[in-house]
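In what follows, a structure is listed as C-alpha coordinates, so that the remarks can point back to it.
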Amino acid sequence: MTSIDSTSNDLAQRDHPSRLFVEVTSRCNLRCAMCVKQSGAAKSMDGDMLPETFNALAPECKYLQALVLNGIGEPLLHPLLEEFIRTGKRLMPAQSWVGFQTNGHLLNTARCSSLLAAGLDRIFLSVDSTSPELFKAVRNGGSLGHVERALAALAQAKKEHPGNTLEVGAEFVVMRDNIAELPAIIAWLAKRGVSRLVVSHILPFSATVANQTVFGINTSSAKYFYKAWSDKARQEGIDVARYFNVLWKYHKTPQDLRLVSFVRQMVSQALENDIPLHVANLIGGDDVGPVETVFRKAEAVASAVGLQLVLPAVRPVSGRACLGVKQGGAFIAWDGKVSPCHFLWRSFNCYFYGREKQVAHKVFGDLSKDSLSWIWNSSKYKSFHSDVMRKRYPHCPGCNVYPCEDINSIDFENDCYGETVPCGDCLWSMGLLQCMGQEDEHGEFDDCCDAAQRIDKFEQTVHLGISGLV
(Lines give C-alpha, C1' and ligand atoms only; values in the text may rest on other atoms or scores of the structure.)
Protein backbone atom coordinates (compact mmCIF):
# COMPACT_ATOMS: atom_id res chain seq x y z
CA MET A 1 0.00 0.00 0.00
CA THR A 2 1.13 3.55 -0.64
CA SER A 3 0.97 6.33 1.92
CA ILE A 4 -1.07 9.49 1.60
CA ASP A 5 0.76 12.77 1.16
CA SER A 6 -1.43 15.05 3.27
CA THR A 7 0.95 18.01 3.30
CA SER A 8 -0.55 19.63 0.21
CA ASN A 9 -3.66 21.79 0.17
CA ASP A 10 -4.28 21.39 -3.57
CA LEU A 11 -6.25 18.15 -3.47
CA ALA A 12 -8.55 19.35 -6.24
CA GLN A 13 -5.59 19.85 -8.58
CA ARG A 14 -3.94 16.46 -8.06
CA ASP A 15 -3.84 13.84 -10.79
CA HIS A 16 -6.15 11.52 -8.82
CA PRO A 17 -9.19 12.04 -6.59
CA SER A 18 -8.49 11.92 -2.85
CA ARG A 19 -11.94 10.71 -1.85
CA LEU A 20 -14.73 8.95 -3.64
CA PHE A 21 -18.43 9.16 -2.90
CA VAL A 22 -19.82 5.99 -4.44
CA GLU A 23 -23.54 5.37 -4.70
CA VAL A 24 -23.67 1.59 -4.42
CA THR A 25 -27.46 1.70 -4.82
CA SER A 26 -30.14 4.29 -5.41
CA ARG A 27 -32.85 2.05 -3.93
CA CYS A 28 -34.15 2.83 -0.46
CA ASN A 29 -36.48 1.25 2.08
CA LEU A 30 -37.77 4.59 3.43
CA ARG A 31 -39.42 7.65 1.89
CA CYS A 32 -37.90 10.51 3.85
CA ALA A 33 -39.45 13.93 3.29
CA MET A 34 -36.07 15.69 3.04
CA CYS A 35 -34.58 13.32 0.45
CA VAL A 36 -33.81 14.29 -3.13
CA LYS A 37 -35.84 11.25 -4.19
CA GLN A 38 -38.91 13.31 -3.24
CA SER A 39 -38.11 15.91 -5.88
CA GLY A 40 -40.33 15.66 -8.92
CA ALA A 41 -37.37 16.26 -11.25
CA ALA A 42 -35.25 13.59 -9.58
CA LYS A 43 -37.33 10.65 -10.81
CA SER A 44 -35.05 8.20 -12.56
CA MET A 45 -34.54 4.47 -12.77
CA ASP A 46 -33.20 2.96 -9.55
CA GLY A 47 -30.47 0.37 -9.58
CA ASP A 48 -27.54 -1.30 -7.86
CA MET A 49 -23.91 -0.74 -8.82
CA LEU A 50 -22.52 -3.66 -10.79
CA PRO A 51 -19.29 -5.32 -9.57
CA GLU A 52 -17.52 -4.34 -12.79
CA THR A 53 -18.46 -0.69 -12.22
CA PHE A 54 -17.07 -0.75 -8.70
CA ASN A 55 -13.95 -2.62 -9.82
CA ALA A 56 -13.31 0.13 -12.38
CA LEU A 57 -12.48 2.34 -9.38
CA ALA A 58 -9.72 -0.02 -8.18
CA PRO A 59 -6.78 1.81 -9.87
CA GLU A 60 -7.67 4.99 -7.94
CA CYS A 61 -8.01 3.36 -4.52
CA LYS A 62 -4.30 3.58 -3.70
CA TYR A 63 -4.59 7.40 -3.78
CA LEU A 64 -7.66 7.72 -1.57
CA GLN A 65 -8.06 9.24 1.86
CA ALA A 66 -11.70 8.18 2.07
CA LEU A 67 -14.23 5.96 0.36
CA VAL A 68 -17.86 6.84 1.20
CA LEU A 69 -20.28 4.17 -0.01
CA ASN A 70 -23.59 5.98 -0.22
CA GLY A 71 -25.64 8.29 -2.40
CA ILE A 72 -29.41 8.70 -2.34
CA GLY A 73 -30.09 5.02 -1.60
CA GLU A 74 -29.69 2.76 1.42
CA PRO A 75 -26.26 1.05 1.16
CA LEU A 76 -27.34 -1.97 3.24
CA LEU A 77 -29.68 -2.99 0.40
CA HIS A 78 -26.72 -3.84 -1.84
CA PRO A 79 -25.90 -7.57 -1.60
CA LEU A 80 -22.19 -6.97 -2.27
CA LEU A 81 -21.64 -4.13 0.22
CA GLU A 82 -19.21 -6.11 2.37
CA GLU A 83 -17.28 -7.21 -0.72
CA PHE A 84 -16.94 -3.58 -1.79
CA ILE A 85 -15.67 -2.67 1.68
CA ARG A 86 -13.10 -5.48 1.64
CA THR A 87 -11.90 -4.44 -1.81
CA GLY A 88 -11.49 -0.83 -0.75
CA LYS A 89 -9.64 -1.71 2.46
CA ARG A 90 -7.30 -4.04 0.58
CA LEU A 91 -6.34 -1.44 -2.01
CA MET A 92 -6.40 1.81 -0.04
CA PRO A 93 -3.55 3.25 2.09
CA ALA A 94 -3.41 2.07 5.69
CA GLN A 95 -4.49 5.40 7.21
CA SER A 96 -7.47 5.91 4.90
CA TRP A 97 -11.03 4.95 5.79
CA VAL A 98 -14.18 3.37 4.38
CA GLY A 99 -17.62 4.34 5.65
CA PHE A 100 -21.23 5.02 4.81
CA GLN A 101 -24.39 6.67 6.09
CA THR A 102 -27.47 4.55 6.72
CA ASN A 103 -30.98 4.75 8.11
CA GLY A 104 -30.02 1.70 10.18
CA HIS A 105 -33.28 -0.17 9.72
CA LEU A 106 -31.58 -3.25 8.24
CA LEU A 107 -28.91 -3.55 10.93
CA ASN A 108 -28.85 -6.43 13.37
CA THR A 109 -25.96 -7.97 15.30
CA ALA A 110 -25.12 -10.44 12.54
CA ARG A 111 -24.98 -7.74 9.87
CA CYS A 112 -22.92 -5.48 12.13
CA SER A 113 -20.42 -8.29 12.71
CA SER A 114 -20.26 -8.87 8.96
CA LEU A 115 -19.48 -5.20 8.34
CA LEU A 116 -16.80 -5.15 11.04
CA ALA A 117 -15.19 -8.30 9.63
CA ALA A 118 -15.11 -6.66 6.19
CA GLY A 119 -13.10 -3.75 7.63
CA LEU A 120 -15.65 -0.96 7.90
CA ASP A 121 -14.17 2.12 9.61
CA ARG A 122 -17.16 4.46 9.99
CA ILE A 123 -20.92 4.16 10.03
CA PHE A 124 -23.25 7.11 10.58
CA LEU A 125 -26.96 6.67 11.27
CA SER A 126 -29.65 9.19 10.34
CA VAL A 127 -31.41 10.29 13.54
CA ASP A 128 -33.61 13.37 13.42
CA SER A 129 -35.76 13.00 16.52
CA THR A 130 -36.13 11.11 19.80
CA SER A 131 -39.90 11.35 19.48
CA PRO A 132 -41.27 8.19 17.79
CA GLU A 133 -44.11 10.20 16.25
CA LEU A 134 -41.92 12.97 14.81
CA PHE A 135 -39.30 10.46 13.67
CA LYS A 136 -41.95 8.56 11.73
CA ALA A 137 -43.25 11.78 10.20
CA VAL A 138 -39.76 12.86 9.08
CA ARG A 139 -38.56 9.42 8.01
CA ASN A 140 -41.63 8.08 6.24
CA GLY A 141 -41.76 4.32 6.81
CA GLY A 142 -39.13 4.55 9.53
CA SER A 143 -39.11 3.72 13.22
CA LEU A 144 -37.04 5.15 16.06
CA GLY A 145 -37.15 1.68 17.62
CA HIS A 146 -35.29 0.28 14.61
CA VAL A 147 -32.57 2.90 15.04
CA GLU A 148 -32.25 2.09 18.74
CA ARG A 149 -31.99 -1.60 17.86
CA ALA A 150 -29.29 -0.80 15.28
CA LEU A 151 -27.21 1.16 17.79
CA ALA A 152 -27.49 -1.68 20.30
CA ALA A 153 -26.43 -4.16 17.61
CA LEU A 154 -23.40 -2.04 16.72
CA ALA A 155 -22.39 -1.81 20.38
CA GLN A 156 -22.69 -5.60 20.75
CA ALA A 157 -20.74 -6.29 17.56
CA LYS A 158 -17.93 -3.98 18.68
CA LYS A 159 -17.68 -5.97 21.93
CA GLU A 160 -17.47 -9.18 19.94
CA HIS A 161 -14.64 -7.80 17.80
CA PRO A 162 -12.03 -6.60 20.30
CA GLY A 163 -9.46 -4.22 18.89
CA ASN A 164 -11.79 -2.80 16.24
CA THR A 165 -11.74 0.95 15.63
CA LEU A 166 -15.21 1.35 14.11
CA GLU A 167 -16.55 4.87 14.61
CA VAL A 168 -20.30 5.03 15.19
CA GLY A 169 -21.68 8.45 14.33
CA ALA A 170 -24.98 10.08 13.47
CA GLU A 171 -26.37 12.75 11.19
CA PHE A 172 -29.17 15.14 12.14
CA VAL A 173 -31.08 17.23 9.59
CA VAL A 174 -32.14 20.37 11.44
CA MET A 175 -35.59 21.74 10.64
CA ARG A 176 -38.14 24.05 12.19
CA ASP A 177 -40.06 21.04 13.55
CA ASN A 178 -37.13 19.31 15.27
CA ILE A 179 -34.52 21.95 16.14
CA ALA A 180 -35.68 22.12 19.77
CA GLU A 181 -34.81 18.42 20.14
CA LEU A 182 -31.14 18.81 19.23
CA PRO A 183 -29.70 19.11 22.79
CA ALA A 184 -31.74 16.13 24.01
CA ILE A 185 -30.85 13.95 21.04
CA ILE A 186 -27.14 14.49 21.72
CA ALA A 187 -27.50 12.96 25.19
CA TRP A 188 -29.68 10.18 23.75
CA LEU A 189 -27.06 9.28 21.15
CA ALA A 190 -24.11 9.45 23.52
CA LYS A 191 -25.78 6.91 25.83
CA ARG A 192 -26.02 4.54 22.87
CA GLY A 193 -22.40 4.64 21.77
CA VAL A 194 -22.40 7.48 19.22
CA SER A 195 -19.20 9.51 19.34
CA ARG A 196 -19.88 12.17 16.72
CA LEU A 197 -22.95 14.00 15.43
CA VAL A 198 -22.92 15.93 12.16
CA VAL A 199 -25.74 18.46 11.87
CA SER A 200 -26.93 19.82 8.55
CA HIS A 201 -29.66 22.20 7.49
CA ILE A 202 -32.43 20.87 5.29
CA LEU A 203 -32.48 21.47 1.55
CA PRO A 204 -36.20 21.23 0.76
CA PHE A 205 -36.81 19.06 -2.28
CA SER A 206 -40.60 19.38 -2.10
CA ALA A 207 -42.99 22.24 -1.46
CA THR A 208 -44.35 20.46 1.63
CA VAL A 209 -41.11 21.10 3.57
CA ALA A 210 -40.16 24.44 1.99
CA ASN A 211 -40.98 26.27 5.23
CA GLN A 212 -38.75 24.05 7.38
CA THR A 213 -35.47 25.95 6.91
CA VAL A 214 -34.01 27.77 9.93
CA PHE A 215 -30.90 29.38 8.43
CA GLY A 216 -30.52 33.06 7.61
CA ILE A 217 -30.37 34.67 4.20
CA ASN A 218 -27.73 37.37 4.75
CA THR A 219 -24.04 36.53 5.09
CA SER A 220 -22.24 37.53 8.26
CA SER A 221 -20.12 39.98 6.29
CA ALA A 222 -23.28 41.71 5.03
CA LYS A 223 -24.76 41.68 8.53
CA TYR A 224 -21.75 43.41 10.08
CA PHE A 225 -21.39 45.80 7.17
CA TYR A 226 -25.04 46.82 7.41
CA LYS A 227 -24.84 47.20 11.19
CA ALA A 228 -21.95 49.64 10.86
CA TRP A 229 -23.86 51.72 8.31
CA SER A 230 -27.05 51.56 10.37
CA ASP A 231 -25.18 52.89 13.39
CA LYS A 232 -23.81 55.72 11.28
CA ALA A 233 -27.31 56.46 9.94
CA ARG A 234 -28.73 56.76 13.45
CA GLN A 235 -25.92 59.13 14.41
CA GLU A 236 -26.82 61.32 11.41
CA GLY A 237 -30.57 61.16 12.08
CA ILE A 238 -31.33 58.98 9.04
CA ASP A 239 -33.97 56.24 9.23
CA VAL A 240 -32.78 53.53 6.81
CA ALA A 241 -35.96 51.49 7.39
CA ARG A 242 -37.87 54.18 5.41
CA TYR A 243 -35.79 53.66 2.29
CA PHE A 244 -38.33 51.72 0.22
CA ASN A 245 -41.12 54.04 1.31
CA VAL A 246 -39.41 57.05 -0.25
CA LEU A 247 -37.38 55.49 -3.09
CA TRP A 248 -40.13 55.76 -5.71
CA LYS A 249 -41.70 59.01 -4.51
CA TYR A 250 -41.87 61.49 -7.38
CA HIS A 251 -41.45 64.50 -5.12
CA LYS A 252 -38.79 63.80 -2.53
CA THR A 253 -38.12 66.04 0.44
CA PRO A 254 -34.54 67.04 1.24
CA GLN A 255 -34.62 64.42 4.03
CA ASP A 256 -35.78 61.80 1.51
CA LEU A 257 -33.00 62.70 -0.90
CA ARG A 258 -30.48 62.48 1.94
CA LEU A 259 -31.72 58.97 2.79
CA VAL A 260 -31.56 57.76 -0.82
CA SER A 261 -28.06 59.19 -1.22
CA PHE A 262 -26.94 57.49 2.00
CA VAL A 263 -28.20 54.05 0.91
CA ARG A 264 -26.65 54.42 -2.55
CA GLN A 265 -23.32 55.25 -0.94
CA MET A 266 -23.67 52.17 1.28
CA VAL A 267 -24.41 49.92 -1.69
CA SER A 268 -21.48 51.40 -3.62
CA GLN A 269 -19.10 50.67 -0.73
CA ALA A 270 -20.40 47.11 -0.50
CA LEU A 271 -19.77 46.56 -4.21
CA GLU A 272 -16.25 47.96 -3.94
CA ASN A 273 -15.50 45.53 -1.11
CA ASP A 274 -17.23 42.55 -2.76
CA ILE A 275 -19.80 42.23 0.04
CA PRO A 276 -23.17 40.75 -1.01
CA LEU A 277 -25.79 43.28 0.00
CA HIS A 278 -29.52 42.68 -0.42
CA VAL A 279 -30.91 45.90 1.01
CA ALA A 280 -34.50 44.66 1.43
CA ASN A 281 -33.37 41.51 3.25
CA LEU A 282 -31.11 43.48 5.57
CA ILE A 283 -33.74 46.07 6.40
CA GLY A 284 -36.30 43.32 7.02
CA GLY A 285 -33.82 41.30 9.07
CA ASP A 286 -33.46 37.54 9.41
CA ASP A 287 -33.54 36.54 13.05
CA VAL A 288 -31.34 33.51 13.65
CA GLY A 289 -30.97 34.24 17.36
CA PRO A 290 -33.20 31.33 18.44
CA VAL A 291 -31.15 28.95 16.27
CA GLU A 292 -27.92 30.20 17.82
CA THR A 293 -29.41 29.69 21.28
CA VAL A 294 -30.28 26.05 20.55
CA PHE A 295 -26.83 25.47 19.03
CA ARG A 296 -25.13 26.86 22.15
CA LYS A 297 -27.22 24.55 24.35
CA ALA A 298 -26.32 21.66 22.09
CA GLU A 299 -22.61 22.49 22.38
CA ALA A 300 -22.87 22.49 26.17
CA VAL A 301 -24.58 19.10 26.22
CA ALA A 302 -22.07 17.64 23.76
CA SER A 303 -19.19 18.86 25.90
CA ALA A 304 -20.76 17.36 29.02
CA VAL A 305 -21.33 13.91 27.48
CA GLY A 306 -18.08 13.81 25.47
CA LEU A 307 -19.66 13.73 22.01
CA GLN A 308 -18.06 15.56 19.08
CA LEU A 309 -20.63 17.94 17.62
CA VAL A 310 -20.25 19.37 14.12
CA LEU A 311 -22.68 22.24 13.55
CA PRO A 312 -23.33 24.08 10.28
CA ALA A 313 -23.25 27.82 9.79
CA VAL A 314 -26.46 29.64 10.70
CA ARG A 315 -25.91 32.26 8.02
CA PRO A 316 -24.51 31.71 4.52
CA VAL A 317 -20.73 31.87 4.27
CA SER A 318 -19.23 33.62 1.25
CA GLY A 319 -15.78 33.45 -0.35
CA ARG A 320 -15.51 29.71 0.30
CA ALA A 321 -14.69 26.90 -2.10
CA CYS A 322 -16.95 23.84 -2.14
CA LEU A 323 -15.57 21.13 0.17
CA GLY A 324 -16.60 18.41 -2.26
CA VAL A 325 -14.21 19.88 -4.83
CA LYS A 326 -11.65 21.37 -2.45
CA GLN A 327 -10.95 17.98 -0.87
CA GLY A 328 -10.52 16.21 -4.17
CA GLY A 329 -13.86 14.43 -4.25
CA ALA A 330 -15.44 12.61 -7.16
CA PHE A 331 -19.05 11.45 -7.04
CA ILE A 332 -19.96 8.18 -8.74
CA ALA A 333 -23.59 7.24 -9.36
CA TRP A 334 -24.71 3.61 -9.28
CA ASP A 335 -24.62 3.46 -13.10
CA GLY A 336 -21.03 4.72 -13.33
CA LYS A 337 -21.72 8.37 -14.19
CA VAL A 338 -19.07 10.71 -12.70
CA SER A 339 -20.12 14.06 -11.20
CA PRO A 340 -18.11 16.76 -9.38
CA CYS A 341 -20.06 17.49 -6.17
CA HIS A 342 -23.11 16.77 -4.02
CA PHE A 343 -25.19 19.56 -5.58
CA LEU A 344 -24.70 18.45 -9.20
CA TRP A 345 -24.89 14.69 -8.58
CA ARG A 346 -28.35 14.52 -10.17
CA SER A 347 -31.15 16.69 -11.54
CA PHE A 348 -33.78 17.90 -9.08
CA ASN A 349 -36.08 20.71 -8.02
CA CYS A 350 -35.59 22.35 -4.64
CA TYR A 351 -37.09 25.21 -2.67
CA PHE A 352 -35.16 27.83 -0.76
CA TYR A 353 -35.30 31.56 -0.10
CA GLY A 354 -38.89 31.70 -1.30
CA ARG A 355 -38.51 30.24 -4.77
CA GLU A 356 -38.34 26.98 -6.65
CA LYS A 357 -34.99 26.18 -8.23
CA GLN A 358 -34.12 23.64 -10.90
CA VAL A 359 -30.71 21.98 -10.80
CA ALA A 360 -29.29 20.09 -13.77
CA HIS A 361 -27.20 16.96 -13.37
CA LYS A 362 -23.58 17.60 -14.41
CA VAL A 363 -21.67 14.59 -15.70
CA PHE A 364 -18.01 14.53 -16.75
CA GLY A 365 -17.81 10.91 -17.83
CA ASP A 366 -19.01 7.33 -17.63
CA LEU A 367 -16.96 4.47 -16.15
CA SER A 368 -18.41 2.10 -18.74
CA LYS A 369 -16.59 4.10 -21.42
CA ASP A 370 -13.52 5.68 -19.81
CA SER A 371 -11.33 5.22 -16.74
CA LEU A 372 -11.83 7.48 -13.75
CA SER A 373 -8.26 8.73 -14.17
CA TRP A 374 -8.99 9.83 -17.75
CA ILE A 375 -12.24 11.52 -16.71
CA TRP A 376 -10.64 13.24 -13.70
CA ASN A 377 -7.76 14.62 -15.78
CA SER A 378 -9.82 15.69 -18.76
CA SER A 379 -9.51 19.36 -19.63
CA LYS A 380 -13.20 19.93 -18.97
CA TYR A 381 -13.06 18.48 -15.45
CA LYS A 382 -9.77 20.26 -14.66
CA SER A 383 -11.25 23.56 -15.80
CA PHE A 384 -14.28 23.02 -13.55
CA HIS A 385 -12.01 22.40 -10.55
CA SER A 386 -10.01 25.54 -11.27
CA ASP A 387 -13.13 27.67 -11.61
CA VAL A 388 -14.52 26.46 -8.28
CA MET A 389 -11.24 26.90 -6.41
CA ARG A 390 -10.92 30.51 -7.55
CA LYS A 391 -13.89 31.22 -5.26
CA ARG A 392 -14.87 34.05 -7.59
CA TYR A 393 -18.62 33.61 -7.52
CA PRO A 394 -21.33 35.81 -5.98
CA HIS A 395 -23.57 35.01 -3.04
CA CYS A 396 -26.72 34.96 -5.13
CA PRO A 397 -29.35 35.26 -2.34
CA GLY A 398 -27.54 38.42 -1.21
CA CYS A 399 -28.19 40.16 -4.53
CA ASN A 400 -30.88 42.79 -5.03
CA VAL A 401 -32.02 41.21 -8.31
CA TYR A 402 -32.16 37.62 -6.99
CA PRO A 403 -33.29 35.39 -8.60
CA CYS A 404 -32.01 36.55 -11.96
CA GLU A 405 -32.15 34.81 -15.33
CA ASP A 406 -28.51 33.73 -14.99
CA ILE A 407 -29.10 31.37 -12.09
CA ASN A 408 -32.83 30.72 -12.46
CA SER A 409 -32.42 28.71 -15.64
CA ILE A 410 -31.78 24.98 -15.64
CA ASP A 411 -29.38 25.60 -18.54
CA PHE A 412 -26.87 27.43 -16.35
CA GLU A 413 -24.07 28.96 -18.43
CA ASN A 414 -22.55 31.65 -16.23
CA ASP A 415 -23.42 33.96 -13.36
CA CYS A 416 -23.17 37.75 -13.22
CA TYR A 417 -19.44 37.45 -12.51
CA GLY A 418 -19.01 35.43 -15.69
CA GLU A 419 -18.19 32.25 -13.73
CA THR A 420 -19.33 28.96 -15.26
CA VAL A 421 -19.83 27.17 -11.91
CA PRO A 422 -23.17 27.56 -10.06
CA CYS A 423 -21.56 27.77 -6.62
CA GLY A 424 -23.07 31.17 -5.82
CA ASP A 425 -26.54 29.63 -5.51
CA CYS A 426 -25.57 26.37 -3.78
CA LEU A 427 -26.26 25.69 -0.09
CA TRP A 428 -23.30 23.30 0.14
CA SER A 429 -20.97 26.08 -0.96
CA MET A 430 -22.59 28.43 1.58
CA GLY A 431 -21.63 26.12 4.47
CA LEU A 432 -25.26 25.29 5.29
CA LEU A 433 -25.23 21.62 4.24
CA GLN A 434 -22.71 19.04 5.41
CA CYS A 435 -22.36 15.30 5.89
CA MET A 436 -20.00 12.42 6.54
CA GLY A 437 -16.93 12.61 4.32
CA GLN A 438 -16.46 16.38 4.39
CA GLU A 439 -13.80 16.41 7.08
CA ASP A 440 -10.12 16.72 6.18
CA GLU A 441 -7.47 14.03 6.46
CA HIS A 442 -7.08 14.82 10.18
CA GLY A 443 -10.78 14.30 10.88
CA GLU A 444 -11.50 18.01 11.24
CA PHE A 445 -14.30 19.80 9.44
CA ASP A 446 -13.72 23.05 7.58
CA ASP A 447 -13.38 25.85 10.14
CA CYS A 448 -16.21 27.89 8.65
CA CYS A 449 -18.59 25.04 9.52
CA ASP A 450 -17.26 24.60 13.04
CA ALA A 451 -19.62 25.60 15.82
CA ALA A 452 -17.18 28.13 17.23
CA GLN A 453 -16.20 29.54 13.83
CA ARG A 454 -19.43 30.39 12.00
CA ILE A 455 -17.86 33.42 10.37
CA ASP A 456 -15.12 32.47 7.94
CA LYS A 457 -11.76 34.22 7.75
CA PHE A 458 -12.93 36.44 4.91
CA GLU A 459 -15.92 37.66 6.89
CA GLN A 460 -13.87 38.13 10.06
CA THR A 461 -11.55 40.40 8.10
CA VAL A 462 -14.52 42.42 6.88
CA HIS A 463 -15.84 42.70 10.44
CA LEU A 464 -12.53 43.87 11.86
CA GLY A 465 -12.07 46.45 9.12
CA ILE A 466 -15.64 47.62 8.89
CA SER A 467 -15.01 50.98 10.51
CA GLY A 468 -12.70 51.83 7.66
CA LEU A 469 -15.51 51.34 5.15
CA VAL A 470 -17.72 54.07 6.57
Test item: side-chain donor near acceptor, [X] and [Y], under 3.5 Å:
X	Y	result
N164	K158	yes
Q212	D177	yes
D425	Y402	yes
Y417	D274	yes
S96	Q65	no
H361	S339	yes
S131	E181	no

inquiry  = To the nearest 0.5 Å, what is the distance between CG on L77 and OG1 on T25?
reply    =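 Between L77 CG and T25 OG1, I get 6.0 Å after rounding to 0.5 Å.
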So CG of L282 and CG of L277: to nearest 0.5 Å the spacing works out to 5.0 Å
Can you tell me how the ring of H78 sits relative to the ring of F84, calling it parallel under 30°, perpendicular over 60° and tilted otherwise?
tilted
Mind checking whether Y63 and H16 have parallel, tilted or perpendicular rings, split at 30° and 60°?
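Because their plane-to-plane angle is under 30°, the rings of Y63 and H16 count as parallel.
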Do [Y] and [X] meet the salt-bridge criterion of a basic N to acidic O distance under 4.0 Å?
X	Y	value
D387	R392	no
D366	K337	yes
R196	E167	yes

Can you check whether [X] reaches [Y] side chain to side chain, under 4.5 Å on heavy atoms?
X	Y	result
V68	R122	no
T53	D335	no
N103	L125	no
C435	H342	yes

Which atoms form the tightest heavy-atom contact between [X] and [Y], and what is the distance?
X	Y	result
I375	F364	CG2-O, 3.5 Å
W428	L433	CE3-O, 3.4 Å
A313	H201	O-NE2, 2.7 Å

Applying the side-chain contact (heavy atoms from CB on, under 4.5 Å) criterion to [X], which one of [options] satisfies it?
X	options	answer
E23	N70, I72, D48, L69	I72
R315	I217, T219, L432, V288	V288
V421	V388, N414, V325	V388

Discussion item. Other residues, nucleotides and ligands only: do more than 12 of their heavy atoms fall within 6.0 Å of CD on E52?
Written reply: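 Yes, CD of E52 has more than 12 neighbouring heavy atoms, counting only those of other groups under 6.0 Å.
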| task | Take atom NZ of K382 as the centre, draw a 6.0 Å sphere, and report whether it contains more than 12 heavy atoms from other residues, nucleotides or ligands. | result | yes
Query raised in the report: What's the verdict on ring-ring contact (aromatic ring centres under 6.0 Å, His included) for F100 and F21, showing C-alpha distance, side-chain angles and the deciding distance?
Result: CA-CA 9 Å; F100 63 86; F21 295 80; over 10 Å; no
Which atom pairs, one a donor and one an acceptor, fall under 3.5 Å between side chains of residues 169-176 and the rest of the protein, sequence neighbours left out?
residue	atom	partner	partner atom	Å
E171	OE1	Q101	NE2	3.3
E171	OE2	M436	N	2.8
R176	NE	N211	O	3.1
R176	NH2	T213	O	2.7

Hits for salt bridge (charged side-chain N to carboxylate O under 4.0 Å, His left out) against K362, two or more places apart or cross-chain, chain-then-number order -> none
Sorted by chain and residue number, the salt bridge (charged side-chain N to carboxylate O under 4.0 Å, His left out) partners of D370 (sequence neighbours excluded) come out as none
Please report whether the ring centroid of W345 lies less than 6.0 Å from that of F331. yes
